[in-house]
Amino acid sequence: MSALDVHSTGILSPIVQFAPSNIARRHIATWNGIQADAVEVVRREPFGYEFRASRHLLIMSERAERDDGETLV
């Protein structure tokens, strides 16, 4: 297995885009054809995200809540 190659924001192109773009702090890691994008949302306000890629997306959240059909992360 090859060593983990960890990069800061800006070195690899993130596959999930956030709006507004400065709401997220991220660290990207790649190994053996897998890319992980660890994202920390830094402000509590509404945001949007977009995903377009020829690969799968898995989203995991440490904290989230639902209220009246809306998810808060």
What's the spacing between [X] [atom1] and [Y] [atom2] if we round to 0.5 Å?
X: Asp37; Y: Phe51; atom1: CG; atom2: CZ; value: 11.0 Å
X: Tyr49; Y: Phe18; atom1: OH; atom2: CZ; value: 8.5 Å
X: Glu40; Y: His27; atom1: CD; atom2: NE2; value: 7.5 Å
X: Gln35; Y: Ile28; atom1: CD; atom2: CD1; value: 5.5 Å

More than 12 heavy atoms of other residues, nucleotides or ligands under 6.0 Å from CZ of Arg43: is that the case?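 Atom CZ in Arg43 is packed in, count exceeds 12.
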
Could you pull out the closest heavy-atom pair between Val16 and Arg26, with the gap in Å?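 Taking Val16 first and Arg26 second, the nearest heavy atoms are O-NH2, 2.7 Å.
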
Which atoms form the tightest heavy-atom contact between Pro20 and Pro46, and what is the distance?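 Closest heavy-atom pair between Pro20 and Pro46: CD-O, 4.2 Å.
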
Report yes if the side chains of Arg25 and Val39 come closer than 4.5 Å at any heavy-atom pair, otherwise no.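 No, side chains not in contact.
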
